[in-house]
Amino acid sequence: MLPPPQFSHADFVAVLSRCATLAHLKQLHAHSVVTARATAQTTTFHLLRFASLRLSCLPYARRLFDSTPHPNVFLYSAMLSAYAAASPAHAYSRDTLALFLRMLHRGRPAPNQFIYPLALRAACAVGVQLIRSIHSHACKSGFHAYDVIMTSLLDGYSRYGMMPDARKLFDGLTERNVVSWTALVSGYARAGKVGNAIVLFDQMPERDVAAWNALIAGCAQNGLFVEAVGICNRMVGEGFRPNGTTVSCVLSACGHLGMLKIGKVIHGYAWRNCVGFGSSVVNGLIDMYGKCGNLKEARWMFSEVSDRSLTTWNSLINCLALHGHSESAIAVFSEMRDEGIEPDEVTFVGLLNACTHGGFVNEGLMYFELMNGELGIEPEIEHYGCIVDLLGRAGRFEDVMSVIKNMKVQPDEVIWGSLLNACRKHRQLELAEFAIKKLLQLNPNNANYVVMLANLYSEGGFWEEVTKVRKLMQEDIMGKKLPGCSWIEVDRKTHTFYSGDDAHPESEDICNILEELAASMEMCQD
DNA sequence: ATAGGGTTAG
């Protein structure tokens, strides 16, 4: 039932807004063609926006765009917005930039102030050079006084850690608002300068939920989990309502801290407030329950999600691996592949960790090969760490050394540390000495390594070396040693333990039980 | 008629 051909533009928009499926939209599109309404680019504009933003049908949107002989700047920006709204973010950066370059190349239509922010967002996925050239292009075209464009640039530079450039842009804005402030705050946080971020945040004349989220995420990204939870508390106290983004950030912080109680409180909050139980919140819940050791709940949350994103799978695999449920982690991985989800580099960190913890040497090597070969995922240092650990534990030192030699990245402390661990287990004195020396090169201030070297020499009876190392220990390094620390929450009270500290009132009992556990673990080894 | 800041997995 279509309206008569002479219906007005307002009627057209009204009918469009009631299209529930692509089939409806196509009918309206056909009708527009027949009635010659489609020759007006305004019509195409509306159809394109609706196809992309409401029906998430990018191919159809692009066909609408491509069927327009000389798209005007509105159609370009509608197409670029469609790409920007797609998920995952930056999935269509290349297409976005290709269209932007086409505009510049053809000289028509000239990009306006709405085009630059869209192009810049895509440029963030490519590199800072591109951001620079778009910056100069924008300035040459007279857009240097457009705050929105300058804020996009500010954000782009800050994503590459170039805070002085970002700051300069911020100071040059004609009017600073909550968006530009937030961009700067999260820039400092991403650059690891949380102190600056907090100071700026406190100076902000006006805040919204996104501004709070920027600070909370910034703390969490820098390992300040307690602060992240605290700021969330402060935010609620000041009358702001946490949304899905807030909830996932804080859940992640709770997971890292093992704060199951607070995690449950946030779970309850999200439930009561219907804070879009969108995938990010559920992913956060899986991660939080999993990291806190409540794998049953994590699996339950997982089973409750209907649209599982890659992150959903990665969260579960990682948690299972973390708690030594190696077979389950591998099983979930196969399930994931059966469902046609393409694993990424994070998936393989979890999977390889599972193989390492379970001692599945052949499986681990097979998955490493699958990742590197068939799937073409370039191994990162974390993956090499897993492989070194895997081979080292199995005593395959020649293979370990050949992996380390052929790595495309510089070995870090995790790599040499894993090798060292393996050497101690398999009593490989010479290689252990080599590993410790590498560790000391990377981090001369870590006194632990010097102590290990001394122990190693005395175990082997190399007394001259022992004397040399002991002398080194007495010099400057020892004061810099940071004691290891761990904590656990029991009945709303957090118990903290430093390495070698017996301050806890039940320290003696705890140590006795630890010794018993260690003894029974020894028994299980053989 | 269109644009900028805040997620989660290692």
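Chain naming here is simple, since letters A, B, ... match the order of the sequence lines and numbering starts at 1 in each.
Backbone-only engagement by R159(A) is indicated by non-hydrogen atom pairs under 4.0 Å involving sugar-phosphate atoms exclusively. Residue E380(A) is classed as a base contact, given a heavy-atom separation below 4.0 Å to a base. Counting non-hydrogen atoms under 4.0 angstrom, S252(A) reaches the backbone sugars and phosphates but no base. Across all strands, A211(A) comes closer than 4.0 Å to base atoms (heavy-atom distances). Residue contacts for V247(A): at a heavy-atom cut-off of 4.0 Å it reaches no nucleic acid atom on any strand shown. Base engagement by T311(A) is indicated by at least one non-hydrogen atom pair under 4.0 Å involving a base atom. Using a 4.0 Å heavy-atom cutoff across all strands shown, R176(A) reaches no nucleic acid atom at all. Nucleic acid contact class of A217(A) (heavy atoms, under 4.0 Å, all strands): sugar-phosphate only. At the heavy-atom level, V209(A) lies under 4.0 Å from base atoms of the strands shown.
Note on residues 118-145 of chain A: no pairs pass salt bridge (charged side-chain N to carboxylate O under 4.0 Å, His left out), not counting sequence neighbours.
A search for side chain to side chain contact (heavy atoms under 4.5 Å, CB included) contacts involving I377(A) returns E345(A), F348(A), M371(A), L375(A), not counting sequence neighbours. The side chain to side chain contact (heavy atoms under 4.5 Å, CB included) search around S248(A) returns S280(A), not counting sequence neighbours. Among residues two or more places apart in sequence or in another chain, the side chain to side chain contact (heavy atoms under 4.5 Å, CB included) test is passed with T312(A) by N283(A), I286(A), F302(A), V305(A), R308(A), S309(A).
Exactly one residue among E297(A), H267(A), R299(A) makes a side-chain hydrogen bond (donor to acceptor under 3.5 Å, both in side chains) with Y289(A). That residue is H267(A).
By the 4.0 Å N-to-carboxylate-O rule, D202(A) lies close enough to R234(A) to be salt-bridged with it.
In this structure, R176(A) forms a cation-pi arrangement with F170(A), its terminal cationic atom sitting closer than 6.0 Å to the ring centre and no more than 45° off the ring axis.
At a non-hydrogen distance threshold of 4.0 Å, nothing from residues 131-144 of chain A comes into contact with DNA chain B.
Taking the six-membered ring where the residue is Trp, the centroids of W212(A) and F201(A) are separated by under 6.0 Å.
In the 5' to 3' direction, nucleotides of DNA chain B lying under 4.0 Å from heavy atoms of chain A begin and end at dA1(B) to dG10(B).
Y160(A) places a side-chain N or O within donor-acceptor distance of the main-chain N or O of C124(A), the cut-off being under 3.5 Å.
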